[in-house]
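What follows is one structure encoded as structure tokens, with my remarks underneath.
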Amino acid sequence: MNYWLLKSEPDVFGIDHLIKMPRKTEHWDGVRNYQARNFMRDSMKKGDLAFFYHSNCKEPGIVGVVRIVREAYPDHTAFDPKCKYYDPNSEPAKPRWFMVDVKYDRRLKRPISLKELKQQTTLKSMKLLQRGNRLSVMPVEKSDWDHILKLETACC
DNA sequence: GCCAACGTTGGC
DNA sequence: GCCAACGTTGGC
């Protein structure tokens, strides 16, 4: 079982959008970065858990937990010329981009902001906190995962 | 809205 | 294969 962190802009697709989807499930489309794709395609397994992270907003941070309910399959938004994520280099016969399906698991009892994560010396090695990180899909160490969940109920 | 830090593109 | 130019991400 692996742990992940998925970034999304709440104005575009936040955790509230996911909750409103049928079966609270949606495909995680639009990933157009090779490293992020490789994580999704090669390492994400059904049943894995991921933090839902809100980026590019007033209070960036982790807001919830989702579960991977379908492993990687071709991202069809890359095939549609009308779509924002269209990529002419990706064809159905030889797809370049992939997506997984995620299902809402729960919201954290309180959001854990990026600011708070940065204050945790134990989390220093987290990919998310490393300089210039722009990955929208990244693995999270089990120890970091556990530490963050402890913050959820810890008093501040 | 600014801008640093990346990733990608394309000329050479 | 190098690298400048450009586009994007995302915190602030």
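Chain letters run A, B, ... following the sequence lines, proteins first and then strands; every chain starts at 1. Computation of the quantities below employed the complete heavy-atom set of this structure, encompassing side-chain atoms and omitting hydrogens, waters and symmetry-equivalent molecules. Source: prediction; values computed, not measured.
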What is the separation between atom [atom1] on [X] and atom [atom2] on [N], rounded to the nearest whole Å?
X      : N      : atom1 : atom2 : answer
A:K84  : C:dG7  : NZ    : P     : 16 Å
A:N38  : B:dG7  : CG    : C1'   : 14 Å
A:L5   : C:dT9  : CG    : C1'   : 15 Å
A:E9   : C:dG11 : CD    : C1'   : 12 Å
A:D87  : C:dT8  : CG    : C1'   : 15 Å
A:L135 : C:dG10 : CG    : C1'   : 13 Å
A:D11  : C:dG10 : CG    : C1'   : 13 Å
A:K115 : C:dG10 : NZ    : C1'   : 18 Å

Would you say A:Y85 places a side-chain N or O within less than 4.0 Å of OP1 or OP2 belonging to C:dT8? no
Phosphate OP1/OP2 of C:dT9: any A:K7 side-chain N/O under 4.0 Å: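 A:K7 to C:dT9 OP1/OP2: no side-chain N or O under 4.0 Å.
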Of the listed B:dG7, C:dG10, B:dA5, the closest approach to the A:N56 side chain comes from C:dG10
From C-beta outward on A:L114, which listed nucleotide comes closest to its side chain: C:dG10, C:dC12, B:dT8?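 Among C:dG10, C:dC12, B:dT8, the one nearest the side chain of A:L114 is C:dC12.
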Scan A:K118 against the nucleic acid and name what it touches under 4.0 Å (heavy atoms): base, sugar-phosphate only, or nothing. sugar-phosphate
Minimum side-chain heavy-atom gap A:W145-A:V65 below 4.5 Å: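 Yes, side chains in contact.
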So, do A:Y73 and A:H27 sit near enough that their side-chain heavy atoms are less than 4.5 Å apart? yes
Most 5' of A:Y34 and A:G132 on DNA chain B, judged by nearest nucleotide: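 Looking at the nearest nucleotide for each, A:G132 comes out on the 5' side.
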Does either side chain, that of A:E9 or that of A:H54, offer a donor lying less than 3.5 Å from an acceptor on the other one? no
Working note: A:F52 + A:W4, criterion ring-ring contact (aromatic ring centres under 6.0 Å, His included); need CA distance, chi angles, decisive distance, verdict. CA-CA 9 Å; A:F52 198 112; A:W4 306 94; over 10 Å; no
Closest non-hydrogen atom pair, A:D87 against A:W97: OD2-NE1, 2.7 Å
